[in-house]
Amino acid sequence: MFEFIEHSGDVIKKVWGTETWIFSAHPEDPSVVEVRGKEYNFLDLLRKHREYILGNIECSDFPILVKIIDPNETLSVQVHPSEEDAKKLGENDHGKEEAWVVLSDGGFVYLGFEGDFSELEGDIIKKMHRVDVKRLDSINIPSGTLHALGAGTKVLEVSTNSNITYRVYDFGRGRELHLDKAKKVVKKRSLDELLLGSIRDKPLNTEFFRIEYIHLKGSKEFLIDSFIIIVCTAGKAKITGKQEKICIDSTKHVLVPGSIGRFVIEGNAELFIISPGKQCAK
């Protein structure tokens with residue numbers, strides 16, 4: 001059986017910049033991945049080797065969607081529904097919980113809203129908190145949180161496997177807004193529960209996923225019982241399993257199936273280790 005799945009990321013152009021989907025199992029844009037040099041549709045591979053890849057978790061669908069978002073312009077002000085709200089609103093997709101880790105040297109984000117949610121119209125950006133951020137700052141964005149990513153603020157985004165966005169304000173780009181749905185799902189959030197400090201100091205943990213930062217110099221052993229996704233943002237590293245070895249850098253990401261159990265990473269690299277949260281635990 002294979003030990004590693006490779007993916008270089010799928011770059012999607014947007015009006016505001018680009019986003020790269022990594023190991024997407026979303027039906028709107030499933031990734032084409034590689035196993036021992038052969039290409040596979042990631043959804044097809046999951047269907048065939050579901051238990052082997054997922055490991056000791058139980059989810060109806062692949063639980064995580066990873067992106068790198070690189071905006072030239074500020075993204076729309078938006079909000080995502082919870083799983084419960086998505087069902088109530090008749091959506092054909094899951095609810096969306098997400099988090100960001102800042103990859104650019106600095107930048108800014110808009111979070112939260114000062115005012116009554118019935119006022120979610122017009123130039124609402126003036127009623128939001130504009131927060132300056134620095135590299136490796138981690139930001140939790142639970143469902144119901146009004147947010148916008150600032151121009152030039154590159155982030156690693158990890159979310160539940162959903163592509164639902166309710167757009168509230170779009171800086172005059174003329175795209176459709178979803179004010180009625182947004183008003184039904186938006187919630188008050190304090191900045192203290194959203195701004196989590198540097199991921200250097202502690203992993204970003206939610207019920208739905210975990211993001212751990214490692215500045216690797218040397219080697220590190222991993223023992224796992226559920227899948228992990230390894231995103232390399234700088235440097236190079238080699239991953240060694242029982243029988244296979246694979247090299248990674250910022251152009252190649254790796255998924256390690258949960259059934260592997262043990263592997264070792266060695267090199268000099270900046271790595272993000274992304275794994276499912278306790279929401280998926282058996």
Side-chain angles (χ1 to χ4, degrees), residues 1-12 19-35 39-69 78-101 140-145 156-166 178 181 185 204-212 224-231 253-260 272-282:
M1 186 67 78
F2 57 88
E3 294 187 325
F4 305 117
I5 306 172
E6 302 175 47
H7 187 223
S8 295
D10 304 311
V11 179
I12 301 173
E19 60 183 29
T20 303
W21 291 30
I22 300 171
F23 290 107
S24 167
H26 196 279
E28 287 185 14
D29 189 13
S31 295
V32 175
V33 301
E34 284 191 21
V35 175
E39 292 187 343
Y40 296 88
N41 179 295
F42 189 40
L43 276 175
D44 292 341
L45 195 69
L46 281 166
R47 292 185 187 107
K48 187 174 182 180
H49 302 287
R50 177 184 176 80
E51 291 185 5
Y52 177 79
I53 292 173
L54 294 184
N56 190 32
I57 63 170
E58 189 166 330
C59 291
S60 57
D61 297 303
F62 191 73
I64 290 174
L65 180 58
V66 179
K67 300 179 184 179
I68 293 177
I69 301 179
Q78 54 192 245
V79 66
H80 308 299
S82 65
E83 184 76 7
E84 181 181 0
D85 285 337
K87 289 177 180 177
K88 286 180 180 178
L89 292 170
E91 300 287 2
N92 293 320
D93 204 346
H94 291 289
K96 187 169 184 179
E97 314 283 337
E98 71 181 22
W100 292 333
V101 178
N140 187 29
I141 307 173
S143 59
T145 305
L156 172 72
E157 177 183 287
V158 179
S159 73
T160 48
N161 191 8
S162 170
N163 201 31
I164 296 179
T165 293
Y166 297 154
H178 313 95
K181 287 184 175 180
V185 305
L204 194 160
N205 266 316
T206 77
E207 290 184 30
F208 305 92
F209 47 77
R210 172 185 169 91
I211 311 170
E212 181 182 1
I224 61 172
D225 61 5
S226 62
F227 78 89
I228 67 167
I229 293 171
I230 303 172
V231 175
H253 316 292
V254 172
L255 186 151
V256 184
S259 299
I260 289 298
F272 292 91
I273 311 298
I274 302 160
S275 54
K278 62 183 180 180
Q279 188 81 0
C280 290
K282 285 185 177 179

*Asks:* Using the salt bridge (Lys or Arg N to Asp or Glu O under 4.0 Å) criterion, which residues pair with Glu83? Sequence neighbours excluded.
*Replies:* none
*Asks:* Can you tell me if CD on Glu28 sees more than 12 non-hydrogen neighbours from other groups inside 6.0 Å?
*Replies:*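 Counting neighbours around CD of Glu28, more than 12 heavy atoms of other residues, nucleotides or ligands fall under 6.0 Å, so yes.
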*Asks:* My understanding is that only residues two or more places apart in sequence, or in another chain, count here; which of them pass side-chain hydrogen bond (donor to acceptor under 3.5 Å, both in side chains) with Asp44?
*Replies:* Arg47
*Asks:* Could you tell me if the side chain of Lys181 sits less than 4.5 Å from the side chain of Glu91, heavy atoms only?
*Replies:*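 Yes, at least one pair of side-chain atoms sits under 4.5 Å.
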*Asks:* Listed by chain and number, what are the salt bridge (Lys or Arg N to Asp or Glu O under 4.0 Å) partners of Glu207, not counting sequence neighbours?
*Replies:* none
*Asks:* Are any side-chain N or O atoms of Thr160 and backbone N or O atoms of Gly95, one a donor and one an acceptor, separated by less than 3.5 Å?
*Replies:*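 Side chain of Thr160 to backbone of Gly95, a donor-acceptor pair under 3.5 Å: yes, one is there.
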*Asks:* Can you name the residues that form a ring pair (Phe, Tyr, Trp, His ring centres under 6.0 Å) with His26, not counting sequence neighbours?
*Replies:*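 Ring pair (Phe, Tyr, Trp, His ring centres under 6.0 Å) list for His26, sorted by chain: empty.
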*Asks:* Donor-acceptor check, side chain of His94 to backbone of Asn161, threshold 3.5 angstrom: yes or no?
*Replies:* no
*Asks:* Assess the residue pair Phe62 and Phe42 against the criterion (ring-ring contact (aromatic ring centres under 6.0 Å, His included)); give the C-alpha distance rounded to whole Å, side-chain angles, the decisive distance to 0.1 Å, and a yes or no.
*Replies:* CA-CA 10 Å; Phe62 191 73; Phe42 189 40; 5.3 Å; yes
*Asks:* Can Asp10 and Ser31 be counted as having a side-chain donor-acceptor contact under 3.5 angstrom?
*Replies:* yes
*Asks:* Does any part of the side chain of Trp100, heavy atoms only, come nearer than 4.5 Å to the side chain of Ile141, both counted from C-beta?
*Replies:* yes
*Asks:* If you define the side chain from C-beta out and look only at heavy atoms, does anything of Pro81 sit under 4.5 Å from Ile164?
*Replies:* yes
*Asks:* Got a sec, which residues hit salt bridge (Lys or Arg N to Asp or Glu O under 4.0 Å) with Glu6, two or more places apart in sequence or on another chain?
*Replies:*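 In terms of salt bridge (Lys or Arg N to Asp or Glu O under 4.0 Å), with neighbours along the sequence ignored, Glu6 is linked to Lys252.
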*Asks:* Taking only residues two or more places apart in sequence, or in another chain, which ones meet Thr145 in a side-chain hydrogen bond (donor to acceptor under 3.5 Å, both in side chains)?
*Replies:* Arg189
*Asks:* Looking at every non-hydrogen atom in both residues, tell me the closest pair between Asn163 and Asp93 and how far apart they are.
*Replies:*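 Closest heavy-atom pair between Asn163 and Asp93: N-OD2, 2.9 Å.
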